[in-house]
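Report on one structure; see the data block that follows.
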Amino acid sequence: MTDDRRQEKLKAKARWTRKDLLSVEELSREEIELILTTAESFKEVSTRDVKKVPVLRGKTIANLFFEPSTRTRTSFEVAAKRLSADIINFSSTGSSTSKGESLADTAKNIEAMHVDTIVMRHSSSGSAEYLARCVKAGVINAGDGIHEHPTQGLLDIFTMREKKKSIKGLRVCLVGDILHSRVARSNIWGLKKLGARITLCGPPTLIPPGIEKLGVEVTYDLDSVIKDQDVLNILRIQLERQKGAFFPSIREYAAEYGISQERMLKAKKDVIVMHPGPINRGVELASEVADGPQSVILDQVTNGVAVRMAVLFHTTMAER
Amino acid sequence: MKTLIKNGHLVDPKNQIDGLMDVLIESTRIKKVAQSITEKAEIVIDAQGKIVCPGLIDVHVHLRLPGFEYKETIETGLRAALKGGFTGVCPMPNTNPIVDRRSDIEFLIGEARRVALGRIWPVGAVTLKEEGRELTEFGELKKGGAVALSDDGHPVSDSNILRRACEYSRKFDLVIMVHCQDEGLFCDGCMNEGFVSTRLGLPGIPVESESIEVARDIQLADLTGARLHFCHISSKKSLDLIREAKARGSRVTAETCPHYFHLTEEAVLHYNTNAKMNPPLRTEADVQAIKQSLKDGTIDIISTDHAPHTESEKEAEFDKAPFGIIGLETSLALSLTLVEEKVLSVSDLVMKMSVKPAEILRIDHGHLSEGAAADVTIFDPKLEWIVEKEKLESKSKNSPFLGWRMRGKATDVLVDGRILLKDGEILDK
């Protein structure tokens, strides 16, 4: 298939009207499936000798990262480049935000350079939605506080679908710090819309209040649920949470919720193990498991580029 | 000079008046209250179809002077108060510097006198710089004109300091207005803790942050015999404790604000920073409990906690935006809905917005007895209007009620017999 034909096909299929991707919560099942389908066709681009299609040629995308991130920022950068967009990087260190400039002013300055889409990571929940209200450019949420990380949620679901064929009826367990996890929230919304059965597992201190209202099961005991799961999505534990009295020690956390080789013996043979990275090896995930046959962690990274290509494509091409 | 208010429906609960009655004012005092007064007066106000009542008093506002004049001043705050039908307000001391000395109180009162747009009764700090460590000079503050004490914005976390403040306050019969907040539970919260905070990914403030301190403060009121007043109560849990304490005879009183009986935590959805205040908006069950408590008398006062912040401060990421909303200009209309819903009678409402505030502050206001200061509010309970940013008198516009259709508005306000608001317009000097 030539690039021109691919572009036509994509355009024809697009029922996408959003210039922004702020959350998975706001997406319909059809919109999620559209992104996943588009990502499937973009995935092949990255395996070519010439890893580039001209679909976003002449478009400018800005990475605006107020929190340190290598993986997500790079993934967006690679995705944009493979779509032939120009991408520029702003990071908070050394930029005007450290001189007290407001988020709205920073964004408006970037927009004044005729940027089409802004990819933002920020420590405040809701900052992406706020930014979208401030600017006419498209906004892609690359993680806002503990609210959502929609592209991570979508790439996780993409990977689950790739490995397990269908999401409907799939048993997915999210393990760890659900309370502070934007990845968990995006996973939950997306997986629910596609019909998965979700179990949240973590210490009682790290389960957000009222989360059962989303139609998920909650357990504090990993060993009692691990055997039923098709997918274990392990969340990164932030070591500084210990100071907030969420758990007494890393050692005890690892003993109760770490995915060790021994614990894996209780799981289904064909379970897949996922992690959004970066991994605390030996804490939430044993090295043997992270590098073992059931781990799909590097597939997630590969798929992340494809999913972000799909997201950048649809949002940037949406009517303004 | 004489002013006659004719044909109005006078509601003066303290004098058990609730009916058609004229009010004659001579100079700064009420001269006569009777049906169909025929005496000649230089000024006649026709209050046909309107309610005439003792001037409304807001015991809890932030006028931001000194230190935060870009948000509000005595002048703009009093203009907002007049529009809202208030003849007097109590500015809280959490300014910069904190109002913790007699001279600070005197400065505020002098400023209000200069502005001449209504009364202020300042609240002095309980502790120096509101740091919760050393007591302020209660006697001096009172001599300067303070009518109450509060470290509003913060709790007095050290129970022993609050105990001593309570004990010492008895000498001066000053009420201590407590802002109930357990600092540990409050943590870095910025909205009510629950399903909505989980969905939005915002750090939550549990109801218990308020109710635990309410429980403690009731015990301290009982221990010391001091008069404690609970500021801006937002939750059923706190109200249950206060109701029980009052039944036992504790010397506690309580206030709530219109936003706590009009809005729930759902108003925060889409990260609306104009729905961010402390304590936070709670749930529908709390709203119902507040209405019940207004009805059964557990809540004595409707205040506003008028907290001006500029648009550039509120235009920010939700967790970075300051707490607080303005309320002076919308309070009366929002409270009149309680009359429509049959939660309160008009007389009850005047109790909660004028009589009780005066009683708790120990000021001789809140009634229109002959010889009393002629502070009068006249409002049209049926007048419909829309809350428009451009028309607000407050320097700040941070209201969650912008665009709301309201019913009921002050048309005329007299302070010391002087008409300051006439037909809904402020009369400048």
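Just so it is clear: chains get the letters A, B, ... in the order the sequence lines come, proteins before strands, and each one is counted from 1.
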Side chain to side chain contact (heavy atoms under 4.5 Å, CB included) between B:L239 and B:I290, worked out: CA-CA 8 Å; B:L239 290 166; B:I290 286 168; 3.6 Å; yes

Closest non-hydrogen atom pair between B:I161 and B:G132, with its separation: CG1-O, 3.6 Å

Check chain A against chain B and list any donor-acceptor pairs under 3.5 Å.
| residue | atom | partner | partner atom | Å |
| --- | --- | --- | --- | --- |
| A:E25 | OE2 | B:R199 | NE | 2.8 |
| A:E25 | OE2 | B:R199 | NH2 | 2.6 |
| A:H122 | NE2 | B:E317 | OE2 | 2.9 |
| A:S124 | OG | B:D319 | OD1 | 2.6 |
| A:S124 | OG | B:D319 | OD2 | 3.1 |
| A:S124 | OG | B:K320 | NZ | 2.9 |
| A:S125 | OG | B:G201 | O | 2.4 |
| A:E129 | OE2 | B:H270 | ND1 | 2.7 |
| A:Y130 | OH | B:E315 | O | 3.0 |
| A:R133 | NH1 | B:H270 | O | 3.0 |
| A:R133 | NH2 | B:H270 | O | 3.4 |
| A:H147 | ND1 | B:Y271 | OH | 3.3 |
| A:H147 | NE2 | B:Y271 | OH | 3.3 |
| A:R185 | NE | B:T198 | O | 2.6 |
| A:R185 | NH2 | B:T198 | O | 3.3 |
| A:P209 | O | B:T198 | OG1 | 2.6 |

Close side-chain approach of A:I157 and A:V307, heavy atoms under 4.5 Å: no

For A:S249, side chain to side chain contact (heavy atoms under 4.5 Å, CB included) partners two or more places apart: A:Q242, A:R251, A:E252

With sequence neighbours excluded, residues passing side chain to side chain contact (heavy atoms under 4.5 Å, CB included) with A:P68: none

Listed partners of A:S28 passing side chain to side chain contact (heavy atoms under 4.5 Å, CB included), at least two apart: A:E30, A:E31

Option in B:G194, B:G201, B:C187 with maximal non-hydrogen atom pairs under 4.5 Å from chain A: B:G201

Close side-chain approach of A:P203 and A:F246, heavy atoms under 4.5 Å: no

Most chain B-contacting option - heavy-atom pairs closer than 4.5 Å, from A:G126, A:P208, A:G210: A:G126

